[in-house]
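Naming convention: chains lettered A, B, ... in sequence-line order (proteins, then strands); numbering from 1 in each chain.
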Amino acid sequence: MSEIRTRFAPSPTGYLHIGGARTALFNWLFARHYKGKFILRIEDTDRVRSTKESIQAIYDGMEWLGLNWDEGPYFQSERFDIYREYIEKLLSKGEAYYCYCTPEELEKNRKQAMSERKKPKYSGKCRELDRPKTDEPHVVRFKTPKQGCTKVADLIKGEVIFENAELDDLIIQRSDGYPTYNFAVVVDDITMGITDIIRGDDHLNNTARQVLLYDSLDSPIPRFAHVPLILGIDKARLSKRHGATSVMAYKELGYLPHAMVNYLVRLGWSYGDQEIFSRDELIEKFSLDSVGKSAGIFNPEKLLWLNSQYIKEENSETLAELLVPFLQKRGLSIHDIELLQKIISLLKERSKTLLQMADSSEFFFKEDISYEKKAAEKFLKPELLDIFHILIERFSRIEDFNQRAIEETFKDLSILKGTKLAKLAQPVRVSLTGTTVSPGIYEVIEVLGKKRVINRLNKAIEFIRDKV
RNA sequence: GGUCCCAUCGUCUAGUGGCCUAGGACGUCGGCCUCUCACGCCGAAAACGCGGGUUCGAUUCCCGCUGGGACCA
């Protein structure tokens with residue numbers, strides 16, 4: 001088999017969204033699986049809506065997900081000469097023709113067809129005329145066969161048949177001289193030697209026209225694979241109103257890129273009952289055979305779960321690097337990476353996102369913590385003064401301030417005072433963290449260190465005294 | 001409206017005629033673990049859209065309907 005070549009061809013008219021990212025991912029995986037090439041092409045023929053920022057957003061999103069490309073980026077806007085050449089080719093072969101019908105004329109025909117409850121179609125007027133090129137405004141149309149049918153052998157949907165009679169004479173060059181989308185895509189895919197076109201099934205309807213263009217341009221037809229779309233919870237196509245649909249928004253929210261990759265790949269593809277895949281495993285196991293046919297609904301909760309799994313499994317060094325920007329964003333500068341890693345090891349089993357992790361690590365770094373109102377009311381009570389004093393005294397005597405020594409101190413104290421451990425732990429937790437929720441209290445105490453623990457306990461004592 | 005696609009728990013899916021009393025995962029609910037919260041573990045509720053065929057036997061094959069989606073207008 002010759003080399004597999006796939007491509008991702010986004011229009012730079014916004015951010016890289018979930019659906020686009022999955023299409024890119026499938027193309028990337030397919031190319032990597034077959035040790036082929038993955039090509040990036042920017043479809044920026046729409047000069048009005050295409051922006052530099054969007055192009056950058058595409059790069060950023062793909063980089064974040066780790067979808068590296070082997071060729072490109074190619075820009076359609078730099079390829080007009082090529083399109084023109086191919087249009088000439090079709091014209092000279094008599095497979096395309098100049099059409100001088102005015103928009104008004106076309107609109108009139110359309111309205112008439114509608115009023116007769118017929119399908120609006122181009123009349124084919126200029127096709128029969130075969131007029132030569134003049135200076136009048138004109139488009140170029142492709143001569144679609146009037147009889148027969150066109151078959152698309154789709155790797156996912158199976159064989160799909162279109163009646164040629166249903167197809168209009170497609171405009172391939174607009175009156176402003178620009179190629180139309182369907183034409184530019186075909187020329188690009190031919191000239192770039194794309195062997196496998198994996199794209200959203202919203203393009204399935206266009207495929208018959210494209211197949212006819214391949215034929216007319218004497219080019220081999222690539223394999224097509226139309227993957228089902230991703231829908232929102234209301235089963236409408238995923239869009240902004242469904243919440244975050246930009247891939248990069250999930251980076252901001254503290255998602256790990258591979259969690260996103262893992263989520264996206266399982267949306268429409270499966271490998272038995274397996275849910276979690278490493279990158280290498282995906283490359284090894286990915287196949288279009290097991291891509292489903294039906295549209296899928298984007299489920300943020302499952303993504304969140306996957307993210308928590310990956311955070312749990314990721315090593316603390318890597319997480320530290322990823323977490324620092326989140327901490328900096330809230331004004332915390334990190335000097336002690338070793339300390340940060342210790343904190344992370346306490347937090348990674350209980351954080352679903354890096355954002356959450358940053359939230360729950362704040363009390364470690366802040367000089368002054370504040371108490372949650374409810375927590376303080378419930379747990380910081382006068383009867384604790386005695387116990388807190390003893391605790392401070394005992395802590396200050398511990399030489400090696402480690403978890404085990406701390407735990408023993410607590411156990412002794414609970415026997416001494418005849419109170420349950422829980423009755424001790426919660427007030428201490430509130431004193432040290434400001435909240436009722438934190439990692440294990442012994443770990444927290446060890447990581448905070450003797451000095452800060454004693455400081456915070458003293459502050460709590462002051463707070464309790466002030467209250468009475 | 002025309003064309004095309006699709007149809008298993010709420011969601012992602014396994015299932016390719018008998019292994020199905022329909023499996024797994026997320027979520028939900030209950031329990032265990034426990035210094036809180038998580039993690040983890042155990043358990044529960046939860047689906048083959050409907051109607052016809054084909055077949056000894058259909059979730060699985062065929063047809064229709066219904067429903068959803070996409071594209072074009």
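Classification of the His138(A)-Tyr100(A) ring pair by plane angle, with boundaries at 30° and 60°, yields tilted. Below 30°, between 30° and 60°, or above 60°: for Phe286(A) and Phe26(A) the angle between ring planes is between 30° and 60°, a tilted geometry.
For the pair Lys157(A) NZ and C4(B) C1', the interatomic distance rounds to 10 Å; values are reported in whole Å. Atom CD1 in Ile297(A) sits about 14 Å away from atom P in A7(B), given to the nearest Å. In this structure, CZ of Phe363(A) is placed 16 Å from P of C37(B), rounded to the nearest angstrom. Lys293(A) places its NZ atom 10 Å from the P atom of C5(B), with the value rounded to the nearest Å. Look at CZ on Arg209(A): it is 12 Å from C1' on C4(B), rounded to the nearest Å.
Among the heavy atoms of the strands lying under 4.0 Å from Thr436(A) is at least one base atom, whether or not backbone atoms are also near. Nucleic acid contact for Gly296(A): sugar-phosphate only, since backbone atoms but no base atoms lie under 4.0 Å from a heavy atom of the residue. If you check every strand for non-hydrogen atoms under 4.0 Å, Glu275(A) touches a base.
For Val437(A), the side-chain atoms get nearest to U36(B) when compared with the rest of C26(B), U36(B), C39(B). Closest to the side chain of Asn206(A), from the set C35(B), C71(B), G69(B), is C71(B). Minimum atom distance to the side chain of Asp202(A) is reached by A70(B), of the listed C35(B), A70(B), C26(B).
Between Ser270(A) and the phosphate of A14(B), there is a side-chain N or O to OP1/OP2 separation shorter than 4.0 Å. For the pair Lys312(A) and A38(B), the criterion of a side-chain N or O lying under 4.0 Å from OP1 or OP2 is not met.
Separating the NZ atom in Lys285(A) from the CD atom in Gln274(A) is a distance of 4.0 Å, to the nearest 0.5 Å.
Environment of OH in Tyr271(A): sparse, with no more than 12 heavy atoms of neighbouring residues, nucleotides or ligands closer than 6.0 Å.
Across the C1' atoms, C9(B) and C65(B) are found 24 Å apart, a figure rounded to whole Å. If you take atom P in C12(B) and the same atom in G49(B), they sit 14 Å apart, rounded to whole Å.
For His203(A) and Asp273(A), each mapped to the nucleotide of RNA chain B holding its nearest heavy atom, the one lying further toward the 5' end belongs to Asp273(A).
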